[in-house]
2 protein chains.
Amino acid sequence: MANIRDVAKAAGVSVATVSRYLNNKGYISDEAKRVIAQAVEELNYQPSMIARSLSTKQSTFIGLIVPDIVNPFFPELARAIEDVALAYGYTVILCNSDEDLEKEINYVKTLQQKYVAGFIVATSHAEAEHYIGLDIPIVAIDRRIHSSIPYIATDNREGARIGTTHLLDSGCTNILCMRGPSGLGPADDRFAGFNDAVKGENIHTHIIECPFQFDVAETMVKKVLAEVSIDGIFASSDVTAAGAMKAAYSAGIHVPSQLQIVGYDGTMLASQLTPGLTTVAQDLYRIGAMAARMLIKLIEGQELTEREVLIPAELLIRQTTRSEA
Amino acid sequence: MANIRDVAKAAGVSVATVSRYLNNKGYISDEAKRVIAQAVEELNYQPSMIARSLSTKQSTFIGLIVPDIVNPFFPELARAIEDVALAYGYTVILCNSDEDLEKEINYVKTLQQKYVAGFIVATSHAEAEHYIGLDIPIVAIDRRIHSSIPYIATDNREGARIGTTHLLDSGCTNILCMRGPSGLGPADDRFAGFNDAVKGENIHTHIIECPFQFDVAETMVKKVLAEVSIDGIFASSDVTAAGAMKAAYSAGIHVPSQLQIVGYDGTMLASQLTPGLTTVAQDLYRIGAMAARMLIKLIEGQELTEREVLIPAELLIRQTTRSEA
DNA sequence: GTTCTATGTGGTACCGGTTACACATAATGA
DNA sequence: TCATTATGTGTAACCGGTACCACATAGAAC
């Protein structure tokens, strides 16, 4: 592969001029532009990003840390981030942390060696201390890491309130709330939103704490259905809602006539279930895209207008609720 | 951040010695090892991968090109690749091609500039010519790009045969085959497998060509159900099977008592549907892991024992088929 | 005693860019 | 007319590693 000196020689100018041409900075005559363009074309020259990075100590890599890309929540996020990154000339490095702090720290270290320009962190084990010391821009998704790190998420509390209210409006009076792991920011917020909605209403509520796993959800809901009588479920994720649907099916309980269910996330899964799952949709794409844009601003030294952004959730009414009104 | 010269100075040796120490090559005395280790420790030195790459013209980045990470088929693949890559000290760059040839070429070009060590290509628009010229190792997943490029995939034909046979064994006599886009390798193979299974059997078959999209599948199957009477569906992906399930539900046709369905892929979706979707599972993780291992071998200059690997598919029997036997 | 080999270390060119600085020329303003 | 500024270009140091080559020393082989 040709390098910048080859181009300079072919064009009959100095490497400095070629560099200026490539980066569009400083003065260059039209004539110089012409001959360099031609040389670039002829030699099929492509500048080495590695050499550029070494020299400028900057790169166009963005590290994306997620717990597990297999969790349907993250691909859409990743997709949005990748789209925006591409548009701005960055590429994204995928890291699965498995919620394992050590793995995460390790990744951060490795990527630093590779001069990543910044991180987008969408993980729950994020310990502030390992990030705030870094002199690399970071944006947090879904949960707050530290006040100094900008973050962007769905307004989970309000979203959960809306979802639960929909259950109430649809006539449910015996509601099971499948809350997510306590201590986990978004899960706590959603639970708070659930409580906001039911407070003062004359209904019965049952609370279980359930990890975001299909199998566990199915098992737990099966047990609940055998013990108490409920007519509505607010699940704090689509995956757990899917588990609940399966449990209801096994128990011979019809959805939505006997039991109504609302999920959370608005993933593909929700739309592909039968019956279609009513869910509180997060605008994952928007979150991802915005996070990427914020990070790139940070990387390029621009000021952020907002450091904390809450995106509203939207209720998608499908067939697991009756929405009489 | 400290560099290798700082370390050399602190340890009272030359940079060459430090480099040898870091790369474990050449002769170094125990004493030198000791003082260098200490200096590295004290300065918290981490070698710059960028500088190393510039010098060696090698990197530890692997480019992963997929059509769309949102398609549930790919996250699992990506996960496996990432796991293996991590274990060998590589990091993976995620690229969504959207089946767009130009975007794909663009990515390849960009990543070349960034000195990626190799590519794993899991995309259908792969035009051989853009890859065979590259002097970078490539492994293809799911479809063959060119005879010179190693590839690894599920034995789709045999998988489809097994899935279809299961439908036959379960008593279906009127089967709809939802084949994938013709011209697309894996889709063609699966269709061939379907034909292998039904050939010579005394049953009726209906064929439709359906892209791997939920909505389209639902619409198409709705139409079929209104027109002809069938008791079994072989879908060539889980997503289209899910669409078919929804269509059946809308038409008031019960699965599996009136209509049995077999999907393909074995994604999470299949297990999370209600009723659970019987499906021909590809061992996505194994495919991904193997592809990553093959690529790394190639990168590191080792010989491959096999250049084409077919992984057997496995039938996962769940609740959309009756499997009387 | 001389040659050979194994062990150990250092100097420095090189990878392919960027950029500070020096320098030249033309145009502008006082 | 002379100083000043805008325009345009080249030289070379630098980013932080790698690795070739030269060179030293010590023990083994002949």
Side-chain angles (χ1 to χ4, degrees), chain A residues 1-37 39-40 43-61 89 110-117 135 300, chain B residues 1-37 39-40 43-61 89 109-117 135 300-301:
Chain A
M1 266 248 272
N3 64 30
I4 197 171
R5 281 163 239 266
D6 297 333
V7 174
K9 196 177 298 175
V13 298
S14 73
V15 293
T17 304
V18 177
S19 179
R20 272 182 228 112
Y21 166 82
L22 293 171
N23 296 292
N24 248 325
K25 70 167 56 157
Y27 298 109
I28 308 150
S29 65
D30 290 344
E31 172 59 12
K33 278 182 190 161
R34 201 183 55 71
V35 293
I36 294 173
V40 165
L43 297 171
N44 188 25
Y45 169 69
Q46 301 197 341
S48 155
M49 300 310 267
I50 296 289
R52 183 172 289 173
S53 284
L54 179 61
S55 182
T56 61
K57 288 162 170 299
Q58 284 185 14
S59 87
T60 49
F61 288 114
T110 308
L111 293 191
Q112 255 189 309
Q113 284 183 51
K114 297 190 179 183
Y115 285 1
V116 281
D135 53 350
E300 301 187 343
Chain B
M1 265 246 274
N3 64 31
I4 197 171
R5 280 163 241 267
D6 297 333
V7 174
K9 198 177 298 174
V13 298
S14 73
V15 293
T17 305
V18 178
S19 179
R20 269 182 232 114
Y21 167 80
L22 294 170
N23 297 290
N24 248 325
K25 68 166 63 152
Y27 299 110
I28 309 152
S29 64
D30 290 343
E31 172 60 10
K33 279 183 189 161
R34 202 184 53 72
V35 293
I36 294 172
V40 165
L43 297 171
N44 188 25
Y45 169 70
Q46 301 196 338
S48 156
M49 299 309 267
I50 296 290
R52 183 172 291 174
S53 284
L54 180 60
S55 183
T56 60
K57 287 162 171 301
Q58 284 186 13
S59 86
T60 49
F61 288 113
K109 219 190 271 182
T110 307
L111 294 192
Q112 255 189 309
Q113 284 182 51
K114 298 190 179 183
Y115 285 1
V116 282
D135 53 350
E300 301 187 343

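From a predicted model like this one, the values you see are computed outputs, not experimental measurements. Throughout, a chain's letter reflects where its sequence line sits, starting with A, and its residues are numbered from 1.
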From CZ of Arg5(A) across to P of dC14(C) the rounded distance in Å is 10 Å
Using only side-chain N and O atoms of Thr17(A), determine if any of them is under 4.0 Å from OP1 or OP2 of dT9(D).
-> no
dG17(C) P sits how many Å from Lys25(A) NZ, rounded?
-> 15 Å
Main-chain N/O of Val15(A) paired with Ser19(A) side-chain donor or acceptor, under 3.5 Å = no
Cation-pi, Phe61(B) ring and Lys114(B) (6.0 angstrom, 45 degrees) | no
Side-chain N,O (Ser14(B)) to OP1/OP2 (dG10(C)) below 4.0 Å | yes
Between atom CG in Asp30(A) and atom C1' in dG8(D), what is the gap in whole Å?
-> 11 Å
Quick one: Glu31(B) CD to dT7(C) P, roughly how many Å, whole number?
-> 19 Å
Could you check how far CG of Asp6(A) sits from P of dC14(C), rounded to whole Å?
-> 14 Å
State which of dT18(C), dG17(D), dG17(C) makes the closest approach to the side chain of Ser19(A).
-> dT18(C)
Please tell me which of Ala2(B) and Lys33(A) maps to the more 5' nucleotide of DNA chain D, matching each residue to the nucleotide holding its nearest heavy atom.
-> Lys33(A)
Any donor-acceptor pair under 3.5 Å joining the side chain of Arg52(B) to the base of dG16(D)?
-> no
Taking dG16(D), dT18(D), dT9(C) as options, the one with an atom nearest any side-chain atom of Ala32(B) is dT9(C)
Rounded to the nearest Å, what distance is computed from the CD atom of residue Gln46(B) to the P atom of nucleotide dG17(D)?
-> 11 Å
Is a side-chain N or O of Ser55(B) found less than 3.5 angstrom from the main chain of Ala51(B), in a donor-acceptor match?
-> no
Has the side chain of Ser55(B) got a donor or acceptor atom sitting under 3.5 Å from an opposite partner on the base of dG17(D)?
-> yes
Under a 4.5 Å cut-off applied to non-hydrogen side-chain atoms, are Tyr115(A) and Met49(B) in contact?
-> no
Would you please confirm or rule out a distance under 4.0 Å between OP1 or OP2 of dT9(D) and any side-chain N or O of Ser29(A)?
-> yes
Give one of base, sugar-phosphate or nothing for Val15(A), where a contact means two heavy atoms less than 4.0 Å apart.
-> base
Between Thr56(B) and Gly26(B), who's closer to the 5' end of DNA chain C by nearest nucleotide?
-> Gly26(B)
Contact check, side chains of Leu22(A) and Ile4(A), non-hydrogen atoms, under 4.5 Å | yes
Spacing of Tyr115(A) atom OH relative to dG16(D) atom P, expressed in whole Å = 5 Å
Under 4.0 angstrom between Tyr27(A) side-chain N/O and dG8(D) OP1 or OP2 | no
Do Val13(B) and Arg20(B) pass the side chain to side chain contact (heavy atoms under 4.5 Å, CB included) test, and can you show the C-alpha distance, the side-chain angles, and the key distance before you say yes or no?
-> CA-CA 11 Å; Val13(B) 298; Arg20(B) 269 182 232 114; over 6 Å; no
dT18(C) phosphate, OP1 or OP2, under 4.0 Å from Asn23(A) side-chain N/O | yes
Under 4.0 Å between a side-chain N or O of Tyr21(B) and OP1 or OP2 of dG10(C)?
-> no
Rounded to the nearest angstrom, tell me the gap between atom CD1 in Ile4(A) and atom P in dA12(D).
-> 17 Å
Please work out if Ile28(B) contacts a base, only the sugar-phosphate, or nothing of the nucleic acid, heavy-atom cut-off 4.0 Å.
-> sugar-phosphate
May I ask you to evaluate whether Lys57(A) reaches the phosphate of dG16(D), defined as a side-chain N or O under 4.0 Å from OP1 or OP2?
-> yes
